[in-house]
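Written out below as structure tokens is the structure these notes cover.
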Protein chains: 2
Amino acid sequence: MTLDREQVLRSAAALLTRRSTATMDEVARAAGIGRATLHRHFAGRDALVRALEDLGIQEFEAALDAAVLDEGTAEEGLRRLVAAVEPVAGLLSFLVSENQLFEGDEVNDGWNRLDARVSAFFRRGQERGELRIDLTPAWLTEALYGLIGTGAWAVQVGRVAGQDFQYMIVELLLGGARRSVEE
Amino acid sequence: MTLDREQVLRSAAALLTRRSTATMDEVARAAGIGRATLHRHFAGRDALVRALEDLGIQEFEAALDAAVLDEGTAEEGLRRLVAAVEPVAGLLSFLVSENQLFEGDEVNDGWNRLDARVSAFFRRGQERGELRIDLTPAWLTEALYGLIGTGAWAVQVGRVAGQDFQYMIVELLLGGARRSVEE
DNA sequence: CCCAAGTGAGACAGAATCGTCTCACGGGTG
DNA sequence: CACCCGTGAGACGATTCTGTCTCACTTGGG
């Protein structure tokens with residue numbers, strides 16, 4: 001009887017990731033609830049997206065915590081991070097592309113905090129000599145987001161096997177970021 | 001007096017890349033023309049997107065031709081490709097994200113042809129021993145698209161210097177794809 | 001100089017979506 | 001068992017966008 005708010009948000013994220021113009025009615029149908037009920041819990045589309053943001057930030061932050069980026073090498077940390085992030089990849093990629101919409105009007109500072117943590121992680125890797133220094137932490141951070149989004153989509157359409165998600169991303173990103181002897 | 005169709009499409013791409021929900025009126029304003037004129041040349045939003053697709057495919061194909069991927073090493077080919085693609089990066093990233101919308105109903109086969117060319121390029125690189133074989137050509141292709149889109153956005157918001165666009169993408173992607181002695 | 005073609009601005013109806021409201025239904029609780 | 005809260009379904013007006021049309025204006029060619 002009582003609405004499962006989390007389940008609604010997850011199905012909404014899954015739908016909006018594929019089609020960001022989806023109707024409130026479609027979002028409701030996808031969640032298996034009525035449009036009226038959806039409006040009772042989220043006062044309009046903006047509120048829904050805001051709730052998705054909060055959920056995404058919260059889950060991404062949890063993934064960052066779970067990855068304990070401080071421990072071990074940069075490679076180990078990144079592998080843990082990507083593994084922890086995989087279940088949230090769809091939601092995350094939605095928010096990243098959605099962030100481009102909010103034209104600087106109100107950038108969620110929770111997002112900035114996450115950016116800072118990821119960026120700092122890459123910077124530490126550079127300082128320890130584990131990562132190349134000619135690729136900026138900001139770019140590595142953006143590239144990580146982009147690859148996660150691309151990977152999630154590639155898996156969804158069957159272009160990449162789901163079990164290869166982590167491997168593909170980490171190997172590609174890290175191989176590029178890792179200091180190479182040749183060259 | 002006569003409408004510059006190409007210029008309209010470019011400004012439309014620039015706008016729609018940032019905000020895919022932009023109104024026909026906004027698209028017209030951005031192009032500096034009236035909404036009526038826009039409708040005279042593109043019968044509806046779908047036709048506009050279709051025209052953008054055609055333009056993007058055409059320009060990407062031209063970039064592929066200009067890059068002469070067959071000549072030289074995979075690294076040289078990729079550098080030429082990214083350089084040739086840079087001016088079209090915005091349009092390209094729009095189409096990639098837009099492609100996710102067309103839910104398989106009518107996949108432009110021109111797009112498949114381009115995919116095949118890029119994918120074949122990576123495969124040749126693998127067969128020649130220049131690229132790692134544990135990352136599939138399909139994934140490398142998707143990753144290239146993703147990084148181009150991410151890079152274009154990062155430059156647009158000032159997170160990455162515009163002059164670093166090519167370097168960042170090629171170094172990251174190639175470093176990951178290139179066979180590494182360590183490991 | 002005049003005319004034809006293309007354009008911009010605005011009006012207009014139709015369609016789609018939104019947000020709210022009402023009402024009947026059903027499960028859980030006292 | 002009866003009550004009550006939350007829900008689904010649908011109606012409703014308001015808003016927004018769309019696509020088409022008209023009309024006056026500008027520009028370039030004859």
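Letters go in sequence order (proteins before strands), and every chain restarts at 1.
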* To do: Answer yes or no: is there an ion pair linking A/R80 with A/E75, defined by an N-O contact shorter than 4.0 Å?
  => no
* Identify whether the distance between the nearest side-chain nitrogen and carboxylate oxygen of B/D25 and B/R29 falls below 4.0 Å. => yes
* **Residues forming a side chain to side chain contact (heavy atoms under 4.5 Å, CB included) with A/T150, sequence neighbours excluded** => B/W139, B/E142
* Asked: Rounded to the Å, how far apart are B/R29 CZ and D/dC17 P?
  -> 13 Å
* **Flag, side chain of A/R159 to backbone of A/A154, donor-acceptor distance under 3.5 Å** => no
* **Letter per nucleotide, 5' to 3', of nucleotides 13-18 of chain C [B base touched, S only sugar-phosphate touched, - untouched; heavy atoms, 4.0 Å]** => ----SB
* Asked: So B/Y145 and B/F60, would you call those rings parallel, tilted or perpendicular, with 30° and 60° as cut-offs?
  -> perpendicular
* Asked: Once you round it to whole Å, what is the distance between P of C/dG19 and CG of A/L38?
  -> 10 Å
* Under a 4.0 Å N-O cut-off, is there an ion pair linking B/R10 with B/D4? -> no
* For the helix from C/dC1-D/dG30 to C/dG30-D/dC1, measure the angle between the helix axis at one end and the axis at the other, each built from five pairs, rounding to 10°. => 10°
* To do: Hey, which sits more toward the 5' end of DNA chain C by its nearest nucleotide, A/A43 or B/A36?
  => B/A36
* **No-H, no-angle donor-acceptor pair, B/R40 side chain to C/dG8 base, under 3.5 Å** => yes
* **Under-4.0 Å side-chain N/O to phosphate OP1/OP2 contact, B/H41 with C/dG6** => no
* Asked: Taking side chain as C-beta onward, heavy atoms only, is B/V160 less than 4.5 Å from B/F165?
  -> no
* So, are A/R79 and A/E171 salt-bridged, with charged N and O less than 4.0 Å apart? -> yes
* **Under-4.0 Å side-chain N/O to phosphate OP1/OP2 contact, B/T37 with C/dT7** => no
